[in-house]
Amino acid sequence: MTFKILIEEIHSNLQKIIDEQNFPSVSFVVEPSKPNFGDVTCNIAFLLSKHLKKKPHDIALSISENYQKFLGEKVKKVEAHPSGYINFFANMTYLNEIILKDSMKNDYGDIDLGKKSKIIVEHTSVNPNKALHIGHVRNVVIGDTVSRLLRKANYDVRVLNYVDDSGLQVADIIVGFQHCGFSDNPHSNQKFAQYCGDEVYVKTTEKYSDDPSLEKKRSEILQDLENQNSDIAKFAETITKKILADQLETCWELGSTYDCLNFESQIIRSGLWNKIFEKMKELKLVLLEKEGKNANCWVIRGEKNEDDKILVRSNGTATYIAKDIPYAAWKLGILDDPFNYQKYTVQKDGKTLWQTTLNESSETKQNFFGEKVITVIDSRQSRLQKIITLLMSKFTSKENSYIHLGYESVTLSADTAKTLGLDTKGKQAQMSGRKGLYVNADQVIKLLKQKTLDETKKRNPELDDKSLEQIAHDVAIGTIRYEMIKQDLNKIITFDYEKSLSLEGDTAPYIQYTNARASRILEKAGFSPNFDVAFDLLQNEYEVNLIKLIGKFDLHVQDAANNLSPKVISKYCYHLAVAFNAFYEKVRVLDPENKTLTNVRLCLVTSFKSTLQKALYLIGITAPDKM
RNA sequence: GGGCUCGUUGCAUAGCUUGGAUAGUGCGAUUGCUUGCGGAGCAAUAGGUCGGGGGUUCGAAUCCCUUCGGGCCCGCCA
């Protein structure tokens with residue numbers, strides 16, 4: 001029993017009143033009220049006033065009078081506000097108990113949007129020629145959070161990480177290794193991925209302008225990469241696998257896990273392109289241009305004023321976007337699966353990570369397609385993703401089966417850009433892997449860890465190194481994950497070294513600290529509270545506010561999952577923490593003079609902690625008991 | 001030129017999907033709170049033409065049109 005059920009009951013009762021009164025059918029909304037306007041509110045009177053030609057307040061009066069017969073254990077009062085809203089007041093003496101007990105169940109907050117249907121989430125997908133930078137982190141965190149949310153909403157989720165191991169960027173570092181004298185086995189303390197990105201990639205691409213022959217070599221390499229048996233392809237595979245391993249280490253540290261790694265090289269060699277190309281021809285989705293600037297090319301017509309998009313060049317080779325089409329179709333199960341599967345590793349959470357192979361495999365065949373696919377890529381790819389979305393909609397009957405979840409990029413503040421040697425004259429700067437203008441993810445994590453380690457040590461001198469390390473990890477990862485999702489997806493994040501280290505206010509450490517406070521109370525109490533008691537003692541405003549918020553967990557899960565909006569959950573966590581801190585400040589829990597009250601308040605603290613942790617789990621944040 | 005997107009207080013941001021009741025929050029600033037369960041906290045004060053204009057509506061931060069400003073995308077590159 002939660003506010004969601006309360007709302008559903010009120011909605012259904014109001015519908016009954018509409019039917020009884022023969023009112024016109026309107027799509028009214030029943031939702032939690034703003035503070036001081038009851039607990040639940042409805043806009044039905046506004047909508048009806050248009051049809052009935054009466055004042056909203058009069059209609060509200062009449063409906064609330066009519067509603068009296070439905071009052072009972074859940075709703076104790078209905079009120080027609082002069083503004084026209086109908087406000088409902090929950091019966092908290094009844095709800096206290098239900099909410100607090102329910103919140104202790106493992107499945108608290110679960111909702112059933114997915115009905116166990118299979119859904120694919122693809123995220124991370126960083127070119128395997130470099131280490132992750134702070135912009136990639138946003139992708140990982142959004143993708144991982146959305147996966148967790150969808151699981152909570154009863155979808156059967158599979159997470160894919162696409163490895164573009166045969167693209168231009170990989171070719172660039174191969175040029176570096178083979179023609180510019182960079183060692184593929186450097187004596188260096190830094191990760192191999194970072195070395196490849198910082199040294200080989202940046203410095204090799206710098207040389208193109210001086211030595212045009214290098215670009216020619218690159219295009220030869222690019223061709224060779226598609227041929228499985230070429231020496232180049234074999235060499236590239238060892239390099240990209242090594243880089244991928246380093247990248248995954250960072251992703252795992254961020255708390256993300258995956259189900260399968262897909263390699264572009266294998267998709268190319270699998271022949272999927274020809275199959276989907278034939279299908280597109282059949283459905284007349286692609287046209288062979290007879291004349292004009294795109295003569296002899298296969299194109300997709302642009303919508304409205306947009307240009308046509310070339311899929312196959314006049315020389316018969318496929319363009320970049322053409323590589324994405326078979327993969328998208330494969331994810332939706334539109335094409336027969338040409339792959340076998342091998343185990344890559346078992347991840348920290350116990351989940352097996354698979355990888356595709358075109359070779360024989362002794363492992364049983366897996367499948368990683370779903371009736372819905374969500375692809376997390378930044379919005380600079382919106383145009384291409386729009387074309388793919390449109391194409392996919394022609395192959396399946398279901399609506400919205402392919403979803404591009406876009407997000408704005410992470411840019412660097414003027415100050416941070418300056419530390420990297422770029423004077424932007426006070427403006428923010430776009431990151432660029434090619435130019436070496438980016439902030440390395442591992443480095444940010446390390447910096448945050450050091451800062452939180454120092455803080456924690458100061459406050460908890462008795463803790464051993466292992467515990468300190470764990471806490472520093474939880475707080476550092478919490479901080480970075482929270483910063484990546486707390487604002488809307490289509491708002492640019494300007495990364496600044498100074499500001500990213502802030503641990504106060506609307507941040508993960510604030511929320512984690514609140515959890516530590518709750519833990520401290522429970523620890524000092526010295527016993528687990530008994531939930532088999534009367535909860536009507538909890539009635540001051542701080543207690544009631546907290547209970548109500550706990551009771552709204554599933555509403556926020558629903559909102560977040562429906563809208564694929566991670567920030568909804570981060571906001572919820574923050575509001576829970578704020579409500580607890582007010583309670584903590586004003587209400588003393590441990591009272592030796594009053595055992596009954598202490599027990600019931602300990603129930604509330606326990607419930608809060610349990611709910612907060614469940615909510616934080618959805619955004620991949622762990623709250624330590626001490627920090 | 002075309003497409004997408006952002007614009008809410010010094011800075012950052014919520015609310016916009018579903019129009020309605022007092023536009024909420026953080027940082028920064030000023031001030032107060034520890035003989036109390038952890039001050040990574042709490043409370044208070046100052047700060048807002050919701051970019052501008054028009055329209056729809058009894059009612060617009062929210063919907064529509066227009067305009068200005070910022071960002072991104074638009075190759076037979078990937």
Side-chain angles (χ1 to χ4, degrees), chain A residues 27-29 31 33-37 41 43 45-47 49-50 55-56 81-85 87 127 164 166-172 219 222 289 293-299 302-307 309-321 323 378-384 386 406 408-409 411 427-428 430 452 455-456 459-460 475 486-488 490-494 499 502-514 516-525 559 562-563 565 567 571 574-575 577-578 581-582 584-591 601 605 626-627:
Chain A
S27 57
F28 58 93
V29 176
E31 59 193 352
S33 307
K34 290 187 193 177
N36 305 324
F37 294 106
T41 193
N43 65 347
F46 295 114
L47 303 173
S49 80
K50 285 196 168 78
K55 283 183 187 164
H81 191 271
S83 63
Y85 279 109
N87 295 328
N127 276 311
D164 182 359
S166 54
L168 199 68
Q169 296 201 18
V170 167
D172 282 327
S219 43
L222 209 48
E289 285 289 5
K293 60 171 183 170
N294 296 335
N296 299 318
C297 295
W298 287 90
V299 303
E303 284 191 306
K304 286 186 275 184
N305 299 319
E306 289 176 359
D307 289 340
K309 191 78 208 165
I310 294 172
L311 288 190
V312 178
R313 304 180 185 100
S314 52
N315 68 5
T317 58
T319 60
Y320 168 71
I321 184 175
K323 292 184 185 175
D378 79 78
S379 1
R380 284 175 294 200
Q381 300 256 16
S382 289
R383 200 188 177 89
L384 295 183
K386 197 176 135 196
E408 273 295 342
S409 48
T411 65
K427 281 181 150 181
Q428 53 179 251
Q430 288 284 328
T452 50
E455 278 293 313
T456 308
R459 291 152 199 261
N460 303 275
V475 176
K486 76 171 177 182
Q487 59 277 79
D488 202 85
N490 43 22
K491 274 204 163 117
I492 294 169
I493 294 178
T494 305
K499 286 178 184 154
S502 148
L503 309 174
E504 288 159 21
D506 186 6
T507 64
Y510 169 88
I511 299 167
Q512 290 167 314
Y513 179 72
T514 311
R517 281 177 143 183
S519 299
R520 192 77 175 135
I521 294 176
L522 296 173
E523 183 190 297
K524 284 218 164 179
D559 184 9
N562 265 332
N563 297 305
S565 182
K567 72 174 174 189
K571 282 241 126 33
Y574 177 67
H575 290 313
V578 169
N581 277 324
Y584 181 92
E585 195 75 16
K586 296 289 178 353
V587 181
R588 187 158 182 86
V589 176
L590 301 175
D591 178 3
R601 283 181 174 157
V605 174
K626 291 181 178 172
M627 58 188 277

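A, B, ... follow the sequence lines: proteins, then strands. Residue 1 opens every chain.
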key: Proximity to the side chain of A:Val589 - top-ranked nucleotide from B:rU17, B:rG7, B:rC37   = B:rC37
task = Give one of base, sugar-phosphate or nothing for A:Val587, where a contact means two heavy atoms less than 4.0 Å apart.
result = base
inquiry  = Regarding A:Arg380, tell me which of base, sugar-phosphate or nothing describes its non-hydrogen contacts under 4.0 Å with the strands shown.
reply    = sugar-phosphate
message = In whole Å, measure the gap between the C1' atoms of B:rG20 and B:rU56 for me.
response = 16 Å
ask   = Has the side chain of A:Lys55 got a donor or acceptor atom sitting under 3.5 Å from an opposite partner on the base of B:rG20?
value = no
query = Out of B:rC37, B:rA40, B:rU8, which nucleotide sits closest to the side chain of A:Leu503?
reply = B:rA40
task = Can you tell me the distance, in whole Å, between the CD atom of A:Glu408 and the C1' atom of B:rC4?
result = 9 Å
Value in whole Å for how far the P atom of B:rG26 lies from NZ of A:Lys567 = 18 Å
message = Can you tell me if A:Tyr510 is stacked onto the base of B:rG41, using a 5.5 Å centroid cut-off and an angle below 30°?
response = no
remark   = Writing each nucleotide of RNA chain B 5' to 3' as (, ), [, ], | or . by Watson-Crick or G-U pairing under 3.5 Å yields (((((((..((((......[...)))).(((((.......))))).....(((((..]....))))))))))))....
request  = Name the nucleic acid region contacted by A:Ile492, choosing base, sugar-phosphate or nothing; use a 4.0 angstrom heavy-atom cut-off, strictly under.
outcome  = sugar-phosphate
inquiry  = Taking donor-acceptor contacts at under 3.5 Å, does the side chain of A:Ser314 reach the base of B:rC76?
reply    = yes
task = Please state the P separation for the pair B:rC65 and B:rU17 - nearest whole angstrom.
result = 15 Å
Backbone N/O of A:Thr452 and side chain of A:Thr456: donor-acceptor pair under 3.5 Å = yes
query = Considering only heavy atoms from C-beta outward, does the side chain of A:Thr507 approach that of A:Ser502 to under 4.5 Å?
reply = yes
query = NA contact type, A:Ala295, heavy-atom cut-off 4.0 Å: base, sugar-phosphate, or nothing?
reply = base
Spacing of the C1' atoms in B:rG54 and B:rU30 (rounded, Å) = 42 Å
request  = For B:rG2 versus B:rU49, give the span between their C1' atoms, rounded off to a whole number of Å.
outcome  = 33 Å
side-chain contact (heavy atoms from CB on, under 4.5 Å) partners for A:Arg520, two or more places apart = A:Glu523, A:Lys524
inquiry  = On the nucleotide B:rA40, are OP1 or OP2 found under 4.0 Å from the side-chain N or O atoms that A:Arg517 carries?
reply    = no
query = Got a sec, which residues hit side chain to side chain donor-acceptor pair (under 3.5 Å) with A:Glu31, two or more places apart in sequence or on another chain?
reply = none
inquiry  = What's A:Thr456 touching, base or sugar-phosphate or nothing? Going by heavy atoms closer than 4.0 Å.
reply    = base
request  = Establish, yes or no, whether a centroid distance under 6.0 Å links the rings of A:Phe46 and A:Phe28.
outcome  = no
ask   = Of all the nucleotides listed (B:rU22, B:rG71, B:rA78), which has the minimum atom distance to the side chain of A:Asn36?
value = B:rU22
query = When rounded to the nearest Å, what value does the distance between C1' atoms of B:rG24 and B:rU31 take?
reply = 23 Å
key: Per A:Phe46 side chain, nearest of listed nucleotides B:rA40, B:rG20, B:rG38   = B:rG20
request  = For B:rA29 and B:rC68, measure between their P atoms and round to the nearest Å.
outcome  = 39 Å
ask   = Are OP1 or OP2 of B:rA14 and a side-chain N or O of A:Lys571 less than 4.0 angstrom apart?
value = no
query = Which is true for A:Thr514 with a 4.0 Å heavy-atom rule: it touches a base, it touches only sugar-phosphate, or it touches nothing?
reply = nothing
key: Nearest-angstrom distance from the residue atom CG of A:Asp307 to C1' of B:rC73   = 12 Å
ask   = Does A:Asn581 have a side-chain nitrogen or oxygen under 4.0 Å from the phosphate oxygens OP1 or OP2 of B:rC42?
value = yes
ask   = What does A:Phe28 touch in the nucleic acid at a heavy-atom separation under 4.0 angstrom: a base, only the sugar-phosphate, or nothing?
value = nothing
task = State whether a side-chain donor-acceptor pair under 3.5 Å links A:Ser409 with A:Asp378.
result = no
query = Reckon A:Pro82 touches a base, only the sugar-phosphate, or nothing at all at heavy-atom distances under 4.0 Å?
reply = nothing
query = Rounded to whole angstroms, how far apart are CD on A:Glu306 and P on B:rC4?
reply = 7 Å
inquiry  = Looking at B:rA78, I'd like to know if its phosphate oxygens (OP1 or OP2) sit under 4.0 Å from a side-chain N or O belonging to A:Arg313.
reply    = yes
request  = Using a 4.0 Å heavy-atom cut-off across all strands, classify A:Asn87 as base, sugar-phosphate, or nothing.
outcome  = base
query = Looking for any heavy atom pair under 4.0 Å, which part of the strands does A:Gly84 touch: base, sugar-phosphate only, or nothing?
reply = nothing
query = Do the side chain of A:Arg313 and the main chain of A:Cys297 share a donor and acceptor less than 3.5 angstrom apart?
reply = no
request  = Ignoring backbone atoms, test whether A:Asn490 places a side-chain nitrogen or oxygen under 4.0 Å from the OP1 or OP2 oxygen of B:rC6.
outcome  = yes
task = Give a yes or no answer on whether the side chain of A:Ser314 reaches the backbone of A:Asn296 with a donor-acceptor pair at less than 3.5 Å.
result = no
message = Can a donor-acceptor pair be found, under 3.5 Å and without considering hydrogens, that links the side chain of A:Arg459 to the backbone of A:Met627?
response = no
key: Gap between atoms CG and C1', on A:Leu47 and B:rG19 respectively (whole Å)   = 10 Å
inquiry  = Between the base of B:rA21 and the side chain of A:Thr41, is one N or O donor paired with an acceptor at under 3.5 angstrom?
reply    = yes
request  = Quote, to the nearest angstrom, the C1' distance that separates B:rC77 from B:rA14.
outcome  = 41 Å
query = Whole Å only: how far is the CG atom of A:Asp506 from the P atom of B:rG41?
reply = 11 Å
Among B:rA21, B:rG38, B:rG71, the nucleotide that comes nearest once only the side chain of A:Lys34 is considered = B:rA21
request  = Round to a whole Å and report the spacing from NZ of A:Lys427 to C1' of B:rG70.
outcome  = 8 Å
ask   = What nucleotide among B:rU22, B:rG71, B:rG20 has an atom nearest to a side-chain atom of A:Tyr85?
value = B:rG20
query = Would you call A:Tyr513 stacked on B:rG38, i.e. ring centres under 5.5 Å apart with the planes less than 30° off parallel?
reply = no
query = Base, sugar-phosphate, or nothing for A:Glu303, non-hydrogen atoms under 4.0 angstrom?
reply = nothing
request  = Report which part of the nucleic acid A:Asn43 touches: base, sugar-phosphate, or nothing (heavy-atom distance under 4.0 Å, all strands).
outcome  = nothing
query = Are A:Lys309 and A:Leu384 close enough, and set up right, to give a side-chain contact (heavy atoms from CB on, under 4.5 Å), and what steps lead you there?
reply = CA-CA 9 Å; A:Lys309 191 78 208 165; A:Leu384 295 183; 3.9 Å; yes
inquiry  = Students often mix this up, so state it plainly: with edges at 30° and 60°, are the rings of A:Tyr574 and A:Tyr510 parallel, tilted or perpendicular?
reply    = tilted
request  = Indicate whether any N or O donor in one side chain lies under 3.5 Å from an N or O acceptor in the other, for A:Tyr513 and A:Asn581.
outcome  = no
remark   = Testing B:rA21, B:rG38, B:rA78 for proximity to the side chain of A:Phe37, the answer is B:rA21
remark   = When rounded to whole Å, the CZ to P distance for the pair A:Arg383 and B:rG2 reads 13 Å
